[in-house]
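The structure under discussion appears below in the form of structure tokens.
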Amino acid sequence: MHKVSVTACGRYDAELLDWAVRRHFELLGIKKLLRPGMKVVVKPNLIIGKPPEAAVTTHPKVVAAVVRALKSHGVEDITLAESSGGIYSAGYMNRIFRVTGMAEMAKATGIKLNDDFGYKELVFEKAKRCGRFQIINPAVTADLTVNIAKLKTHAMMGFSGAAKNIFGFVPGLLKPELHCRFPAQREFAEMLVDLAEGINPEINFIDGIIGMEGDGPTGGKPRQVGALLAGESCFAVDIAAMKLIGFPLSDSPLHMEAVRRGHITGDFSDIELAGDPPSGIIVGDYKKSRAGSVDFVSRLPRFMRGA
């Protein structure tokens, strides 16, 4: 049984967010995962450089509240790390951190922004589609991963949440390489599940206070949902978020694959909801992406498509 906590949270107010995150920690018993001296990596969604109000990226005030909660439990070694859609370099990522509000947030909370732009190959022996990934160093060396995703639609995968967010641990321009290797929806979804299984983030949040509907993950429109979700299973947290916006499992190849592998049942029979009743949060007319089964490879520059 997977436990997912849901809190109604209608605005990015620091006091309200602190209350909501503390409540998640209590409902999920997150304290048991934490210890002083551990090295924690915090992984937001920073796909491109857009300001928080665009709802493309995880809101920095959500990240700040999670950081404050971690520090209240004695965790001090916290690094915010991400590889956006462009070049994985100090110059590129520092701009992303600045535009998305993460640089200001890190300064205010006293955490480190990643300044190690190396990466290592990890081998996941239980993988079904892709067993080798290049992964950015902060994710490799961390004792614990806190995954803080954004609730969004996705042109290729239908839904973007906690499981899809792990793709940001693959460095920059190696992401298009994986798109080229696995161009079909199902095989790309299988690869993403391999990655999420291998990284296995211990704590997963979804910023659904203001999500993105329509042509996500970057071209959609902000949409008020009013929820912050959390859980230890990235797949279960996603299923709960999809329920809030009325997305059937069949709209997400990634989560269909998670069901095939037994990570979730997909019918909610293995999920225990805690916190606020979702009935008061559900959005009934959330707009899906018009792109459907978009062919990502055809949108790449010619030199990146291969033969």
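- For the atom pair CG of L16 and OG1 of T7, the computed distance is 8.0 Å after rounding to the nearest 0.5 Å.
- Ring pair Y119/Y88 is tilted by interplanar angle, where 30° to 60° counts as tilted.
- The backbone N or O of R129 sits less than 3.5 Å from a side-chain atom of D194, completing a donor-acceptor pair.
- In this structure, F159 has its ring center no closer than 6.0 Å to that of Y286.
- Using a 4.0 Å cut-off between charged side-chain N and carboxylate O, D276 and R23 make a salt bridge.
- I245 is not listed as a side-chain neighbour of E213, based on a closest heavy-atom distance of 4.5 Å or more.
- Distance alone, capped at 3.5 Å, is enough to place a donor-acceptor pair between the K175 side chain and the S83 backbone.
- Look at E257 and R260 and you find a salt bridge, because one of the NZ, NE, NH1 or NH2 atoms lies within 4.0 Å of a carboxylate O, short of that distance.
- Annotation: side chain of D215 is not in contact with side chain of K221 (no heavy-atom distance under 4.5 Å).
- A donor-acceptor contact shorter than 3.5 Å is absent between the side chain of E202 and the backbone of V146.
- Remark: side-chain polar atoms of D238 are paired, donor with acceptor, to backbone N or O of A163 under 3.5 angstrom.
- Judged purely by atom type and a 3.5 angstrom limit, N114 has no side-chain atom pairing as donor or acceptor with the backbone of L80.
- Heavy atoms from other residues, nucleotides or ligands lying under 6.0 Å from CD of E121 number more than 12.
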Can you give me every donor-acceptor pair (side chain of residues 31-43, partner residue at least two apart or in another chain, under 3.5 Å) with its distance?
| from | atom 1 | to | atom 2 | distance (Å) |
| --- | --- | --- | --- | --- |
| K32 | NZ | L28 | O | 3.2 |
| K32 | NZ | G29 | O | 3.2 |
| K32 | NZ | E232 | OE2 | 2.9 |
| K43 | NZ | E82 | OE1 | 2.9 |
| K43 | NZ | E82 | OE2 | 3.3 |
| K43 | NZ | N165 | O | 2.8 |
| K43 | NZ | N165 | OD1 | 3.0 |

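- Counting non-hydrogen atoms of other residues, nucleotides and ligands closer than 6.0 Å to CD1 of I282 gives a total above 12.
- The minimum heavy-atom distance between I210 and P222, with the atom names listed, is CG2-CB, 3.8 Å.
- Counting non-hydrogen atoms of neighbouring residues, nucleotides and ligands closer than 6.0 angstrom, the CD atom of E104 reaches no more than 12 such neighbours.
- Ring centroid separation for the pair F235 and H263 comes in under the 6.0 Å cut-off.
- In this structure a side-chain-to-backbone donor-acceptor pair under 3.5 Å is missing from S233 to H2.
- Using modelled atom types, one finds no donor on one side chain facing an acceptor on the other under 3.5 Å when comparing N147 with T145.
- A salt bridge does not link D270 to K3: none of the charged side-chain nitrogens sits closer than 4.0 Å to a carboxylate oxygen.
- A donor-acceptor contact shorter than 3.5 Å links the side chain of H73 to the backbone of A69.
- A salt bridge links K288 with D251: at least one charged nitrogen is closer than 4.0 Å to a carboxylate oxygen.
- Between E197 and R261 there is a salt bridge, with a side-chain nitrogen of the basic residue lying less than 4.0 Å from a carboxylate oxygen of the acidic one.
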So D207 and T58, side-chain hydrogen bond (donor to acceptor under 3.5 Å, both in side chains) or not? Walk me through it. CA-CA 6 Å; D207 169 11; T58 305; 5.5 Å; no
Go through it in stages, so that I can follow the logic: the residues are K128 and E190, the test is salt bridge (charged side-chain N to carboxylate O under 4.0 Å, His left out), and I'd like the CA-CA distance, side-chain angles, deciding distance and then a yes or no. CA-CA 7 Å; K128 305 294 185 185; E190 291 170 345; over 6 Å; no
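- Looking at S5, its side chain never comes within 3.5 Å of a backbone N or O of L27 through a donor-acceptor pair.
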